[in-house]
Enquirer: 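One structure, as structure tokens, below. Some questions next.
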Amino acid sequence: MSANEKAVVPPASDTVTIEVDGRKLQAKKGSMVIQATDAAGIYIPRFCYHAKLPIAANCRMCLVEVEKAPKPMPACATPVAEGMKVFTRSEKARESQKAVMEFLLLNHPLDCPICDQGGECPLQDQALGYGKDDSRYDEAKRVVPDKDIGPLIATFMTRCIHCTRCVRFGQELAGVMEFGALGRGEHTEIRTFLDRSVNSEISGNVIDICPVGALTSKPFQYKARPWELDHHASIAPHDCVGSNIDVQTLRGKVMRVLPRVNESINECWLSDRDRFSYEALNSEERLRVPMIRRNGQWEEVDWRTALDFTVQGLRNVVERHGPDALGALASPIATLEEFYLLAKLVRALGSNNVDHRLRQLDFSDDDRAPLYPALGLTIPELETLDAVLLIGANPRKDQPLLGLRLRKAARRGAAVMAINPLDYDFTHRLAAQVIGKPEEMYAAAAEVVKALGQMGHTAVGEASWIDALSPRPEAERIAQALMQANKKAVLLGPFALGHPQAAGLRAAAQRIAARANATLGVLAEGNSAGAWVAGCVPHRGPLGQPADRGRDTVAMLNEPRKAYLLYGVDPELDVLDGALAAKAMEAAEFVVMASSFKPSVYRSGAIGYAHVLLPLAPFAETAGSFVNTEGRVQRFEAAVKLYGEARPGWKILRVLGDLLGAAGFQYGSLDEVRAELGVPSLFKPTALEAGGAAAPLHTPLADGQLYRIAEVPLYAVDPLVRRAPALQDTADNPRPAARMNASDIKRLNLEPGAAVVVRTVMGEARLQVQTDARVPEGCVLIAAGYPETAMLGAHGPASVVRT
Amino acid sequence: MATNPKPKTAERLSAAARGEIDRWTAKFPPERRRAALLAALTIVQRENGGWLTPELMEAVADYLDVPPVAVEEVATFYSLYDLAPVGRHKLYVCNSISCWLCGSERLLRHLEQRLGIKAGETTPDGRFTLKQVECLAACGGAPAMMVGGEYHENLTPEKVDTLLARLK
């Protein structure tokens with residue numbers, strides 16, 4: 001009856017009615033049969049078809065019978081038509097599917113027992129349904145040599161069935177075609193150009209989409225069988241996206257990380273950083289037990305001793321020098337609850353010196369800041385933008401999955417524009433771009449403000465220095481593109497947040513957004529949004545409540561405190577001005593480090609300046625929440641048991657609070673912490689208040705000096721990724737070098753590969769010269785976040801001299 | 001941070017080759033430079049003594065703004081491109097069905113014997129490269145062979161011998 005009633009309803013004009021195996025289905029005009037059957041839950045086998053990739057129709061596994069069609073049709077490439085009758089399991093359909101399977105298996109090796117894909121292999125599964133139990137093929141099978149395509153992806157090319165999913169992923173999504181189908185007919189091979197490594201920042205996704213065991217995970221190779229693994233839903237900590245991950249474990253150890261599908265966040269993808277950073281969880285550098293340094297000697301102690309020692313040390317400092325002598329620095333990848341408890345603990349001791357913005361230099365607009373750094377849009381909305389101005393942002397590398405969304409927008413025709421310190425390699429065209437050192441970036445942003453004003457939409461009436469500007473053509477082009485677009489956004493990236501005049505740049509961005517009627521978004525690091533709402537900033541309590549202004553990161557380090565509480569921080573590497581951090585730590589009387597890792601001599605001087613090491617559980621071993629750039633709160637539970645004596649951060653902070661005699665630290669569970677803070681499922685973004693844009697500071701360079709740009713590359717951002725060996729071996733993580741463009745190298749009478757000593761006001765580093773065409777004239781790009789360059793401090797004048 | 005962005009490799013192409021390629025790209029819309037790929041590879045191969053080096057493929061990729069692997073796809077798909085040094089004369093024996101039915105296999109064996117090399121190889125004196133190729137579209141004159149740019153049809157081992165003698 002109900003079926004009849006349904007049939008009476010006139011179908012919407014953009015749909016057609018088809019019949020599949022006798023069942024009537026509504027399908028969107030122009031869609032393919034397989035899309036209609038997938039939506040209706042009717043199974044059709046397939047290898048090359050993937051909902052997120054363009055259609056290739058080259059595996060032929062999805063052949064179905066279509067009434068009146070003389071031959072079987074591939075369901076993935078057959079558009080629906082009104083009244084079409086499809087049979088997916090008729091004799092003809094089954095026969096075709098089985099025939100295709102026989103061909104696909106001709107050259108496929110029978111090595112399932114030692115294949116990493118075994119157990120989660122579409123070919124294996126579908127061979128069960130459509131394969132024969134023996135083969136008629138007696139000839140020699142084809143063998144294809146394996147290739148070394150980098151540290152992340154293992155290849156077994158004999159297994160390849162040439163579905164070209166990996167090729168299309170590169171072309172369409174990653175935006176860099178790295179795989180290709182080389183050769184012809186029986187000699188076709190999936191290879192990279194000259195067997196070079198695959199360098200995309202989202203390359204690991206080809207492991208997931210490969211329907212056979214041709215492309216598998218190299219770090220996971222032969223480590224476990226998929227059916228043995230326990231699955232734990234979790235959230236990736238490394239960027240502000242909050243990708244949904246499935247942490248897979250075996251006997252209490254994280255074996256691999258795969259994406260969980262969440263269309264509104266990461267779709268079915270994962271950045272390589274989120275996928276392979278788990279290796280750090282099993283690193284030999286993990287800190288196993290609490291340690292204290294007494295009379296110059298490090299000793300392993302039990303928790304009670306370590307905590308008593310910590311409490312004693314903190315009390316001593318506060319009693320002798322007052323609470324302002326204490327400073328706390330937290331890693332931006334800590335959880336919301338940890339940020340909250342850390343800030344509460346520090347404030348209970350009478351100090352407001354707590355911050356997580358370790359790579360920020362300018363805090364002068366803190367009072368105007370919104371509740372938290374927010375995108376101001378949902379992540380999928382990025383795809384619908386018509387114009388985007390990126391300021392100090394390279395989403396492709398910094399937030400790879402947001403880069404992927406922006407690429408989709410650009411391919412739709414959006415004008416993506418940039419004001420950046422480097423000529424980044426985008427995977428789409430830019431409508432306009434200004435490249436320059438930080439002061440140049442600021443000037444360019446101000447010129448866009450002026451250009452927008454000149455376009456008559458609002459009065460000019462800006463700060464006199466902005467009014468006096470005459471916008472360069474690129475700035476005018478940016479202004480025009482923004483005005484013409486319908487849906488638009490101005491996005492400030494991590495480099496903009498760490499800009500020497502970040503407040504001015506933000507104020508300029510705010511004006512651009514206001515005048516162009518665009519959304520102003522901020523792409524902050526890790527769980528920075530969580531830190532803001534938890535009050536882990538010196539001027540605000542939880543949920544943005546006002547607090548007496550304490551010292552921000554730079555203020556805590558510029559005038560060194562007597563005691564530091566470092567929460568998941570490698571000071572030399574996580575603080576942009578690593579040299580300043582090291583100096584401050586060395587001058588302190590008492591340094592507490594809660595860390596997942598032992599301080600290695602290579603990475604840090606902590607062996608010499610820390611007094612207590614408290615083993616801190618990383619995200620996979622603790623429960624907590626991350627707040628992503630949309631303000632979405634995502635909770636997760638621990639995936640594995642704690643390593644050694646490590647403890648979840650919230651428990652460490654709770655006990656410390658208790659032992660220090662602070663009130664309100666008697667939490668029985670994490671839920672009580674959340675309830676006290678008041679955590680909604682979504683924090684609504686608020687706007688940055690308009691404020692003055694200070695005149696740009698000109699950094700004078702002495703003769704022969706260059707301006708050093710301190711950028712933090714994607715695999716140096718936090719303590720976990722820098723200890724993930726496979727990621728460290730990728731092409732995205734080159735050894736730090738003095739990178740200059742060819743003309744500056746020539747001007748300085750140097751050559752690529754020359755050994756140089758780079759000197760800044762903070763210190764020096766011995767590096768090699770490298771040509772890098774992305775670097776603007778008069779600048780030298782020297783990555784921050786590496787021990788080799790930590791002593792150079794942040795951006796600023798540098799001399800580069802041959803050793 | 002990425003490594004160095006791709007080096008500009010298009011300057012490996014000679015000015016003459018670039019000029020010739022430009023004549024082809026001019027026939028297509030500016031955003032479809034890759035449409036000139038087949039012609040570009042032919043031009044560059046001819047200039048390089050009959051074969052394509054990886055460096056030249058990369059240069060063509062850079063010049064036409066396509067990924068290098070896409071150029072390699074094309075260069076490895078068509079049998080008229082060679083990816084290793086070749087002899088002065090390329091003997092392309094058609095292996096498709098009409099020629100095969102009319103004795104192309106016998107022809108190939110004969111050539112292999114006469115030249116002392118296998119298909120796909122070059123004689124040590126650098127005179128001949130012998131190769132099987134896909135359909136030469138000369139079914140009416142099967143079995144057929146292409147030498148340089150010229151077609152030779154209705155071949156027999158004797159006719160081949162005469163031909164070889166002419167090619168110095």
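So you know, we letter chains A, B, ... as the sequences are listed, proteins then strands, and number each from 1. All of these numbers come straight from a predicted model, not from anything done at the bench.
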Enquirer: Is atom CZ of R109(B) surrounded by more than 12 heavy atoms (other residues, nucleotides or ligands) closer than 6.0 Å?
Expert: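 For R109(B), atom CZ is crowded (more than 12 foreign heavy atoms under 6.0 Å).
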
Enquirer: For E150(B), is the CD atom crowded, meaning more than 12 foreign heavy atoms sit under 6.0 Å from it?
Expert: no

Enquirer: With rounding to the nearest 0.5 angstrom, report the CG to CD distance, D195(A) to E72(B).
Expert: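 Going from CG on D195(A) over to CD on E72(B), the span is 7.5 Å.
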
Enquirer: For E178(A), which atoms come within 4.5 Å of any heavy atom of chain B: side chain, backbone, both, or neither?
Expert: backbone

Enquirer: More than 12 heavy atoms of other residues, nucleotides or ligands under 6.0 Å from CZ of R184(A): yes or no?
Expert: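 Enclosed: over 12 neighbouring heavy atoms sit under 6.0 Å from CZ of R184(A).
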
Enquirer: If the contact rule is any heavy atom under 4.5 Å from chain A, which residues of residues 76-88 of chain B qualify, in numerical order?
Expert: T76(B), F77(B), Y78(B), S79(B)

Enquirer: Does atom CZ (R168(A)) have a neighbourhood of more than 12 heavy atoms from anything else shown, all under 6.0 Å?
Expert: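 Check passes, neighbour count above 12.
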
Enquirer: Heavy atoms only: give me the nearest E73(B)-A181(A) pair and the separation to one decimal.
Expert: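 Looking at all heavy atoms of both residues, the shortest contact is OE2-N, 2.6 Å.
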
Enquirer: Please check if the number of heavy atoms outside W51(B) that lie under 6.0 Å from its CH2 is greater than 12.
Expert: yes

Enquirer: In this structure, are over 12 heavy atoms from other groups packed under 6.0 Å from R127(B) atom CZ?
Expert: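 Atom CZ in R127(B) is packed in, count exceeds 12.
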
Enquirer: Relative to chain B, which segment of Y715(A) carries a heavy atom at a distance below 4.5 Å: side chain, backbone, both, or neither?
Expert: neither

Enquirer: Suppose we screen for side-chain contact (heavy atoms from CB on, under 4.5 Å). Which residues come up paired with A119(B), at least two apart in sequence or across chains?
Expert: L108(B), E112(B), Q132(B)

Enquirer: Write down the atom of R191(A), the atom of V69(B), and the distance for their closest heavy-atom approach.
Expert: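 Scanning both residues completely, I find the closest heavy atoms to be O-CG2, 3.7 Å.
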
Enquirer: Between the side chains of R196(A) and E58(B), is the shortest nitrogen-to-carboxylate-oxygen separation below 4.0 Å, so that they form an ion pair?
Expert: yes

Enquirer: More than 12 non-hydrogen atoms from neighbouring residues, nucleotides or ligands closer than 6.0 Å to NZ on K159(B), yes or no?
Expert: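 Enclosed: over 12 neighbouring heavy atoms sit under 6.0 Å from NZ of K159(B).
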
